[in-house]
Every structure is written in C-alpha cells, then in structure tokens.
Amino acid sequence: MKIYIDGQFYDKENAKISVFDHGLLYGDGVFEGIRFYNGRVFRLEEHVRRLFDSAKAICLDVGLTQDEISAAVVETIRQNELRDGYVRLVVTRGCGDLGLNPSLCPKATVFIIASKITLYSPDKYENGLHVVTCATRRIAHGALSPMVKSLNYLNNVMAKIEAQQAGAGEGLMLNEQGYVAECTGDNVFIVKNGEIFTPPISSGALAGVTRAVVLEMADELGLRVLQPEMTRYDIYTADECFLTGTAAEVIPVVRLDNRVIGDGLPGAVTRRLIGRFHELTAATGVTIY
Ligand code: PXG
C-alpha cells in the first residue's frame, strides 16, 4: 500500500505523522471520504470543493489548489493500482509546538489513503438496517458548524457506541431542538405517499455528496423532494426510509426505535434509487487510468 503524505508516497509501515501534528493533538483539520468505482472517482470535484469549504471555515490554508488535490487523489489510487475502493483525504493544521494556537503550525499536512471501507454487512443492503435514536445530539451550529467535515468526530463516535450498545446497525442523531439531523455518518431520507423528505442542512445535516446525488436522481425520476424540519414521528410513520453516504452508499432502514417502518421491507422507491445509484457510480466520474 502506498500512502501520500505532503507530495511523497510511503509504504504503509513508513507512512507516519508527527505526534506534534495538530490534527492529532487537537483534532484540528478537515477530511473527505471519496469512493471510486470501475476505474473512476465518483463526484471528485464535489468532494474537493467541500474540503476547501471546510478548510476555509476553520481558517486552514490547504497549501495546494483544488486541481492539485484532485490530481493527488487520482495519483494515489494509481500508485495502488486500484479500480474500486475508498479514499481518505485528510488536511491537518500541520506540525507545531504544544498549544492550540494554529499560528504555531507553519504548514498544513496533507495525506491520502486509498483503501476499502465496509460500514454495514451485505445483508443490511438487502433487508434493511435497524436504527435507534441516540441521546448524543448532533453538534450545534453555535459550537462548531456541523457543515464542517472536521477531524472532531467524537460526538458521532459516542452516538455510534450508543447504537452498537443497543444492538442497532446505526444511530439517529437529533439536533438541540429535537429535530432529526442525520445518522452518525449518513444522511437520512423518508418516502411518504410517493414524495421524498430529508432534513434541511440547517437541522444539522452534513451537506452530503450522496444526499445531493439522491436529490438529482429523484428529480430525474420525477419524484418530488421536500426538506422540512423533521421529527422521529415522521420516520416512524413513513412508508420507506433510507440512509445515504459515500461509505454507506444508499441503504434501506426498516426499523427506528423498534417501530417497523412501512411493511418492514426495503421500499420500492428506495430500491429504484439504489438501482440508479449503482448505474451512476459505475459509469460516471473522473477517469483514473
Ligand atoms: N453525515 C456525516 C456526519 C458524515 O460524516 C455523511 C453524512 C455523508 O456524506 P457524503 O458526502 O459521504 O455523502 C458523512 C460522510 C469514514 C466515514 O470513515 C466518513 C463519513 C461517514 C462515515 C464514515 O471515512 N462521512
């Protein structure tokens, strides 16, 4: 395995980041998770754009242009001779003395791993996930914008632990007001009376790249999508529910808090979207080779 760090490639054993890197010391940095399928990077430009928006929001100078970062992602996949997989692209504040002042760090650290990721077992894609609501709330806009895909994932990790301890496949996170935000690493959607609903970004959802793909696919299929504030009641009483994410892709949900959603099976609209999603991922994206 070849890992990109600051313009050079290292074997896995030698791919090391300093203990003085503020990404490690303070979670000071941003990241992206990007998938590639069939020799093409899916929605690369969207991911890189979001990375730069996240960086801008935390006053982090990436030190490379968007085109240079995109080229580095593609080159990392090439160096590993992969056609299908998952890229972790990370930009940290860089190395500096102790103290959380970012001006202690002269230069950002950029590293890229091209590997694989499996969030849920294949049977969950067939039969649907069981989800529980977590007591841990989604980070509030007043603390750190939930739009920033930062290296501070501890509250999502705490929510994931809750879901795991409850024996559920995924955890639903609410915002401080009690409205549905998203799951621990996925956006949430429901289908009700032939219309699709997803919480607005203002509810604390990450502006997911896969979420945007679903909005496009729904438009193409002539399905209306609404983005009202949503409560758990909306999910309990939905006809269908599914989650989206780069790592998760599109996955059905059949239970929330032990309420069966719809008839308890992945729904027709969900299946249609999953089918179209696979067509798009197989045939579109930036060519690697
Ligand atoms: N919400 C959150 C909080 C996320 O971190 C998504 C939604 C989905 O967004 P995209 O753009 O991927 O459709 C994410 C995505 C990982 C990992 O280990 C990354 C995410 C989720 C789960 C695992 O790289 N980020």
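Numbering of ligands and ligand atoms starts at 1, following listing order. This structure is a prediction, so every number in the text was calculated from the model and none was measured.
For the atom pair CD1 (I117) and CZ (R88), the distance works out to 6.5 Å, reported to the nearest 0.5 Å. Note that the OH atom of Y289 and the CD atom of E81 stand 6.5 Å from one another [nearest 0.5 Å].
By the neighbour-count criterion of 12 heavy atoms within 6.0 Å, atom CD of E126 is sparsely surrounded, having that number or fewer from other residues, nucleotides or ligands.
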For ligand 1, output the ligand-protein N/O contacts shorter than 3.5 angstrom; if there are none, return none.
{"unit_1": "ligand 1", "atom_1": "1 (N)", "unit_2": "E182", "atom_2": "OE1", "d": "2.7"}
{"unit_1": "ligand 1", "atom_1": "5 (O)", "unit_2": "K149", "atom_2": "NZ", "d": "3.1"}
{"unit_1": "ligand 1", "atom_1": "5 (O)", "unit_2": "Y153", "atom_2": "OH", "d": "2.4"}
{"unit_1": "ligand 1", "atom_1": "11 (O)", "unit_2": "R50", "atom_2": "NH1", "d": "2.8"}
{"unit_1": "ligand 1", "atom_1": "11 (O)", "unit_2": "R50", "atom_2": "NH2", "d": "2.9"}
{"unit_1": "ligand 1", "atom_1": "11 (O)", "unit_2": "V209", "atom_2": "N", "d": "2.7"}
{"unit_1": "ligand 1", "atom_1": "12 (O)", "unit_2": "T246", "atom_2": "N", "d": "2.8"}
{"unit_1": "ligand 1", "atom_1": "12 (O)", "unit_2": "T246", "atom_2": "OG1", "d": "2.6"}
{"unit_1": "ligand 1", "atom_1": "13 (O)", "unit_2": "V209", "atom_2": "N", "d": "3.3"}
{"unit_1": "ligand 1", "atom_1": "13 (O)", "unit_2": "T210", "atom_2": "N", "d": "2.9"}
{"unit_1": "ligand 1", "atom_1": "13 (O)", "unit_2": "T210", "atom_2": "OG1", "d": "2.6"}
{"unit_1": "ligand 1", "atom_1": "13 (O)", "unit_2": "T246", "atom_2": "N", "d": "3.4"}
{"unit_1": "ligand 1", "atom_1": "18 (O)", "unit_2": "R88", "atom_2": "NH2", "d": "2.8"}
{"unit_1": "ligand 1", "atom_1": "24 (O)", "unit_2": "Y86", "atom_2": "OH", "d": "2.4"}
{"unit_1": "ligand 1", "atom_1": "24 (O)", "unit_2": "R88", "atom_2": "NH2", "d": "2.3"}
{"unit_1": "ligand 1", "atom_1": "25 (N)", "unit_2": "K149", "atom_2": "NZ", "d": "2.5"}

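Although no hydrogens or angles enter the test, the distance criterion places no donor-acceptor pair under 3.5 Å between the side chain of R224 and the main chain of E195.
Because its NZ or CZ atom is both nearer than 6.0 Å to the ring centre of Y236 and within 45° of the ring axis, R259 counts as a cation-pi partner of that residue.
For F36, the ring-ring contact (aromatic ring centres under 6.0 Å, His included) test picks out no residue, with sequence neighbours left out.
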